[in-house]
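The model shown is predicted, which means the values in this text are computed figures rather than measured ones. Order of the sequence lines fixes the chain letters, A, B, ..., with proteins taken first and strands second; residue numbering starts at 1 for each chain.
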Amino acid sequence: MVRLPYVTALTTLFSYGLLFAFGQLRDFFRKIIDWFKSTSKDLKGYAPICLGLEDFYTRRLYLRIQDCFSRPIASAPDAWFDVVERYSKDNNKTLHRTSKTSKCLNLGSYNYLGFAAADEYCTPRVIESLKKYSPSTCSIRVDGGTTDLHMELEFLVARFVGKPAAITFGMGYVTNSAIIPVLIGKGGLIISDSLNHNSIVNGARGSGAAVRVFQHNNAPHLEEVLREQIAEGQPRTHRPWKKIIVIVEGIYSMEGELCQLPEIIAVCKKYKVYTYLDEAHSIGAVGKSGKGVCELLGVDPADVDIMMGTFTKSFGSCGGYIAASKEIVQYLKHACPAQLYATSMSPPAVQQVISALKVILGEDGSSRGAQKLAQIRENSNFFRSELKKMGFEVLGDNDSPVMPIMLYNPAKIPAFSRDCLKQNVAVVTVAFPATPLLLARARICISAAHSREDLLKGLEVISKVGDLVGIKYFPAEPPKHGHQAHKKVE
Amino acid sequence: MASAVVNIATAALDWVAVAFDAPFAGAVVFGVHINGHLVAEVLLIAVLLFQLTRKSYKPPKKPLTEKEIDDLCEEWVPEPLHPPITKEMKVEPPTIESAAGPHTIIEGKEVVNFASANYLGLIGNENIIDSCVASLEKYGVGSCSSRVFYGTTNDHIDCETRIAKFMSTPDSILYSYGISAIFSVIPAFCKKGDIIVADEGVHWGVQNGLHLSRSTVVYFKHNDMASLESTLEKLTNKKAEKVRRYIVVEALYQNSGQIAPLNSIVRLKEKYHFRVILEESHSFGVLGNTGRGLTEHYGIPIEKIDIITAGMGNALATDGGFCTGSGRVVDHQRLNGSGYVFSASLPPYLANAAIAAVNYLEDNPSVLTVLRRNISLVWEVNCICLLDITCVHVFIIFRGSLF
């Protein structure tokens with residue numbers, strides 16, 4: 001849980017207020033200057049394509065720190081990668097690439113098991129499948145887009161996750177937004193966690209069902225909401241709900257927290273509601289053999305009705321899947337719009353997932369899979385404990401490879417990001433609107449490809465920059481070898 | 001009868017008047033003459049005050065007890081997650097065992113492929129495959145991140161620049177999936193209160209985008225310009241400057257195979273001050289002398305169309321989608337396009353394949369002549385054999401070069 005000190009909250013609000021005031025002042029002068037210039041004839045009679053308020057955040061706040069985002073890279077997103085240097089001649093309004101790159105430690109990409117770069121087992125097979133099947137099938141799944149690779153992948157995914165059958169899609173975002181409307185419609189109720197991802201929110205909105213939210217990871221509150229909703233029924237008519245689905249995620253990417261799955265499943269079973277688990281960040285990354293939060297928290301996959309995941313994070317590919325009972329998958333294959341109207345997954349990407357799964361399961365004849373899983377667990381726990389010892393406010397649970405470090409003040413976002421880049425560490429900083437306004441953070445993603453030296457270098461740089469920027473909100477633990485080197489809280 | 005009632009009433013009133021004119025009624029208290037009516041008024045006020053002090057009647061609230069909620073939860077029976085499985089649902093689509101080119105292998109047999117949207121025959125093209133191999137060896141398969149966080153490679157930016165140069169627009173933006181381009185673009189520019197006039201026959205991706213935008217959507221008859229004009233006429237009002245208004249059409253309709261008459265649409269758009277969103281998934285690389293799409297087909301300058309989106313999974317034989325338009329349009333999507341911000345970026349090898357495909361198209365415009373020849377061949381054969389091909393789909397899925 002985030003513990004926001006009062007002083008920090010006040011200073012953050014003050015900073016945002018100042019930025020807002022300056023932004024409004026500049027807008028005012030812009031309006032005056034533009035009033036003297038005649039409006040172009042083309043736009044007469046049209047409303048502006050981007051309304052003033054929508055754009056305010058982009059124009060006045062985001063553009064100032066635009067160089068911290070969308071940084072292009074010139075090599076594979078492995079443990080170390082080349083970040084392209086950019087320059088700007090007009091105060092960050094436009095950025096231009098140079099041909100210079102700097103080799104940086106990658107603490108930002110979702111490369112949990114290290115499959116991002118060319119892999120000795122996967123890449124030759126991917127190239128072979130590329131030469132056989134071409135980069136795309138140019139067809140939808142039901143009309144010539146299903147190759148034998150797709151069928152093999154679906155069997156393998158179902159076996160890996162522990163469900164009877166699975167279905168795959170070309171994009172993780174589309175998986176959520178296209179599946180939820182098929183499963184539930186008007187007259188149904190979706191209860192989703194308050195911090196669910198945008199794709200789930202879009203899918204829920206697109207389905208036409210009523211949506212209620214329960215407090216993040218709070219099983220007693222979920223029970224309260226369920227009891228109230230089942231007793232009340234549909235709004236106004238009070239007819240009983242046709243069905244209720246509870247949607248949760250395995251690891252929440254902005255908090256790094258694991259879902260309280262056993263408690264939530266117990267509540268759902270008691271009230272006969274269906275569960276939908278989105279394992280985008282947890283499949284392949286947590287659990288003893290990489291099977292996700294169900295394995296880590298000891299939940300039987302048969303208790304979760306629908307398990308969804310993506311192949312982007314742990315398998316170094318693209319696309320998403322849904323694993324459920326045979327009947328549900330048969331129905332989805334028949335009715336899901338993403339199967340009927342969207343191009344099927346690219347065959348080399350399918351082969352990458354198949355090879356990655358074989359490595360993880362150990363079916364490639366080596367123990368690399370087990371090594372990678374052990375490495376990522378060890379790396380995550382080591383990094384998190386070291387950061388906490390230094391006095392940073394780190395969110396998330398043990399074993400989770402995602403660790404957000406709280407920044408809070410808006411000026412610390414570009415300060416942290418730019419200073420880390422100067423010292424060759426690439427981090428990701430996230431602010432509004434992906435997080436609440438006051439809770440900006442830097443999000444570290446650990447990979448199995450990071451060695452112990454890489455992590456130590458990362459820790460050293462983050463510690464130095466943290467001191468400079470002033471984000472060590474908690475007292476640091478004194479080092480164990482007896483020196484009383486206390487660091488003051490900011 | 002009536003007169004008797006009147007008499008009684010008059011008698012009563014006289015009696016009341018006498019009572020009020022009695023000696024005590026003429027008393028003076030604190031210098032105020034107490035007349036009869038004053039007594040009545042004081043009594044009325046007293047009654048009013050008395051009533052106001054009474055509590056108003058509210059029916060008693062009886063919230064459900066815990067036991068009643070438990071009973072309701074016990075009784076409730078949900079519907080199953082899926083409807084009963086019919087025979088149709090059990091049918092599996094054919095599995096192909098080789099590339100989805102003009103000839104493909106299904107269950108060991110070689111068949112002619114009329115199902116894939118491989119319009120330019122780029123499946124199996126050596127140049128494209130070589131550039132993909134180079135990219136795979138350099139970047140691996142996935143980009144492992146969103147565009148905003150280190151998921152942008154030089155290839156993505158090069159691909160966007162290449163497409164913009166090909167279409168002669170200032171800039172373009174790449175999406176990681178064909179269908180997500182249109183359903184991210186529409187909600188980024190259309191919010192609640194805006195007006196959208198869309199064709200009835202648009203495909204699911206567009207319909208989903210329209211639904212997610214929460215704007216007012218009015219449909220007009222499929223490809224019928226008279227219907228479009230009358231709809232636009234009905235929607236014209238004086239508040240044009242405040243509300244954004246769009247016409248959404250597909251260049252080549254996926255569901256019916258018809259081509260939208262862009263010249264009429266542009267004329268109507270300028271007359272009624274609407275903006276046009278053109279979905280060019282099936283016409284990009286197919287229509288126009290050099291494959292630049294519907295605007296080239298009709299000879300309309302591309303600046304007149306505000307937003308063009310297309311999926312690259314058809315003519316370009318790769319995956320992903322793009323959107324192109326003015327600089328403002330493209331920049332706005334970099335923070336507001338949900339499929340761009342909240343999703344991982346396109347795998348770099350597919351971006352490379354797109355660049356190679358566009359280069360091929362620009363260098364070999366003769367492939368379009370072959371495509372059109374094949375299309376006219378099918379139409380001729382259609383007429384001669386009196387085939388009842390109602391699905392106009394057939395004419396657009398013919399491959400580029402025929403052996």
Worksheet item: Between the side chains of A:Tyr173 and B:Ser176, is a donor N or O closer than 3.5 angstrom to an acceptor N or O?
Response: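 There is no such pair between these side chains.
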Measure [X] against the heavy atoms of chain A and call it side chain, backbone, both or neither at under 4.5 Å.
X        : result
B:Ser143 : backbone
B:Leu346 : neither
B:Val91  : neither
B:Ile129 : both
B:Phe274 : backbone

Discussion item. In the structure I gave you, are the side-chain heavy atoms of A:Lys326 and B:Ile85 within less than 4.5 Å of one another anywhere?
Written reply: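 Sidechains of B:Ile85 and A:Lys326: no contact.
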Practice prompt. Identify which of B:Lys191, B:Glu68, B:His156 forms the greatest number of heavy-atom pairs closer than 4.5 Å to chain A.
Written response: B:Lys191
Discussion item. Below 4.5 Å, heavy-atom pairs only: which of B:Ser338, B:Pro187, B:Ser146, B:Pro347 has the largest tally toward chain A?
Written reply: B:Ser338
Worksheet item: Among all residues two or more places apart in sequence or in another chain, which pass the ring pair (Phe, Tyr, Trp, His ring centres under 6.0 Å) test with B:His332?
Response: B:Phe189
Worksheet, complete the sentence: Shortest non-hydrogen pair, B:Leu350 vs A:Ser346, comes out as CD2-OG, 4.0 Å
Item to complete: Hey, could you give me each pair passing side-chain hydrogen bond (donor to acceptor under 3.5 Å, both in side chains) that has a residue in residues 205-214 of chain B? Not counting sequence neighbours.
Response: B:Ser213-B:Ser215
Worksheet item: Is any side-chain N of the basic residue among B:Asp331 and A:Lys93 closer than 4.0 Å to the acidic one's carboxylate O?
Response: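 Here B:Asp331 does not pair with A:Lys93 in a salt bridge, since their nearest N and O are not under 4.0 Å apart.
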Practice prompt. Go through the steps for A:Val174 and B:Phe183 under the test side-chain contact (heavy atoms from CB on, under 4.5 Å), then give the verdict.
Written response: CA-CA 10 Å; A:Val174 162; B:Phe183 78 58; 3.7 Å; yes
Discussion item. Checking the side chain of B:Lys138 only, and the main-chain atoms of A:Ala118 only, is there a donor and an acceptor separated by less than 3.5 Å?
Written reply: no
Item to complete: Please work out which of the three classes, parallel, tilted or perpendicular, describes the rings of B:Phe342 and A:His197, given edges at 30° and 60°.
Response: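 A:His197 and B:Phe342: perpendicular rings.
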